[in-house]
Amino acid sequence: MKNRILFLMAAFAALFNINAQNESDTKVILITLDGFRWQELFTGADSLLIGNKDYVHDAGMLKKAFWRDTSKERRVALMPFFWNQVEKMGQIHGNRNLGSKVDLTNSMWFSYPGYNEILTGTADDNRIKSNEKIPNPNSTVLERYNNTDQGRGKVAAFGSWDVFPFIINEERSGVPVNAGFESATENLSDREIFLNQLQQQIPSPWGSVRLDAFTHHYALEHMKKEHPKLVYISYGETDDFAHDGDYQAYLKSANNTDGLIKEIWEFTQQDEFYKDQTVFLITTDHGRGTQPLDTWRSHGSDIKGAGAVWAIVFGKDIKPNGEIEREEQLYSNQLAPTILKMLGMPISKEIEGEPIKL
Ligand SMILES: [Zn+2]
């Protein structure tokens, strides 16, 4: 009898080991901040812009919130979660002042080509060359994962910009995308009912992009209810406030988004499904200009420096290397294969990027 119990225990142990090796239990949360510059991420508020009447209407308030003597203090003031917590537990790539570079491989340097590159692992300059609402001919990692047994129905995307249903090709991929001014539709929680109501009653400054708090809370409510294993959240305000030439709103939005991401992180750490099992990847779809000064508002292939981006990774099995202070060259097309690897998926040959060694 005793032997039989020992045998069964050994058999169970073997079974669980096999499962642990074959199927990744890693969950991935990919987050983007549209057009947020590496300059503000690594050095905080820009001295040439923060007191500039062309771009700021209350410089006193803005300086009190975000101006400090050193760039290290300024970046902590702007993004306290990133620089107090994420730097200790993860990796922050893209400080070009220290030699760490992250670049786009597409040559367009605007949103749809940027998101296509991040989500598919391959730039497609021949076909993805506008922001028009064209169903993406390429497969994103969201679609690939949704087409596997372990990922089917376990993927969800949330975006502030109303082009995401096309970038992710919601119709072909079957990946649910809540973007633009869409409401939550299924199995609604009380908070989702309230969000749907508020979204009608808090006008967005823009026609095709909603305020990020809606995108954020739709994502969070969905994660609480459905526990997807792969989640994409695309915040959009930073790009639109920059196009508007409103540096005050751009900084406040970046600071706010840092807090939203902290909230997602803290939710995952008190939820049994996500706790200690989840990796966060955070990046941007393009950079912006610096010279002449007014090009901070713009991006695109004619704006010098707009192909320079950044990438942050933290969570399960990520080495806490902090801010990368050595020479390196990463590319945005490496994020998709990195995600596939984390999920235990094959990286097919047509994907150009190589997984990042983390
Ligand atoms: Zn833009």
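The figures here come from the full heavy-atom set of this structure, side chains too, leaving out hydrogens, waters and symmetry mates. Whatever order the structure lists ligands and atoms in, that order sets their numbers, starting from 1. The structure displayed is predicted, hence computed values, not measured ones.
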Q: Compute the angle centred on the Zn ion (ligand 1) spanning OD1 of Asp239 and NE2 of His243, and express it rounded to 10 degrees.
A: 90°

(Q) Pairing donors with acceptors under 3.5 angstrom, does anything connect the side chains of Glu323 and Asn95? (A) yes

(Q) Whether Lys133 and Asp162 form a salt bridge (side-chain N of Lys/Arg under 4.0 Å from carboxylate O of Asp/Glu) is what I want to check. (A) yes

(Q) Any N/O/S atom from His299 (main chain or side chain) under 2.8 Å of the Zn ion (ligand 1)? (A) yes

Q: Answer with yes or no after comparing the ring centroid distance for His286 and Phe110 against a 6.0 Å cut-off, counting only values under it.
A: no

Q: For the pair Lys275 and Glu272, find out whether any cationic side-chain nitrogen is under 4.0 Å from an anionic carboxylate oxygen.
A: no

Q: Using a cut-off of strictly less than 2.8 Å, determine whether Asp34 has an N/O/S atom near the Zn ion (ligand 1).
A: no

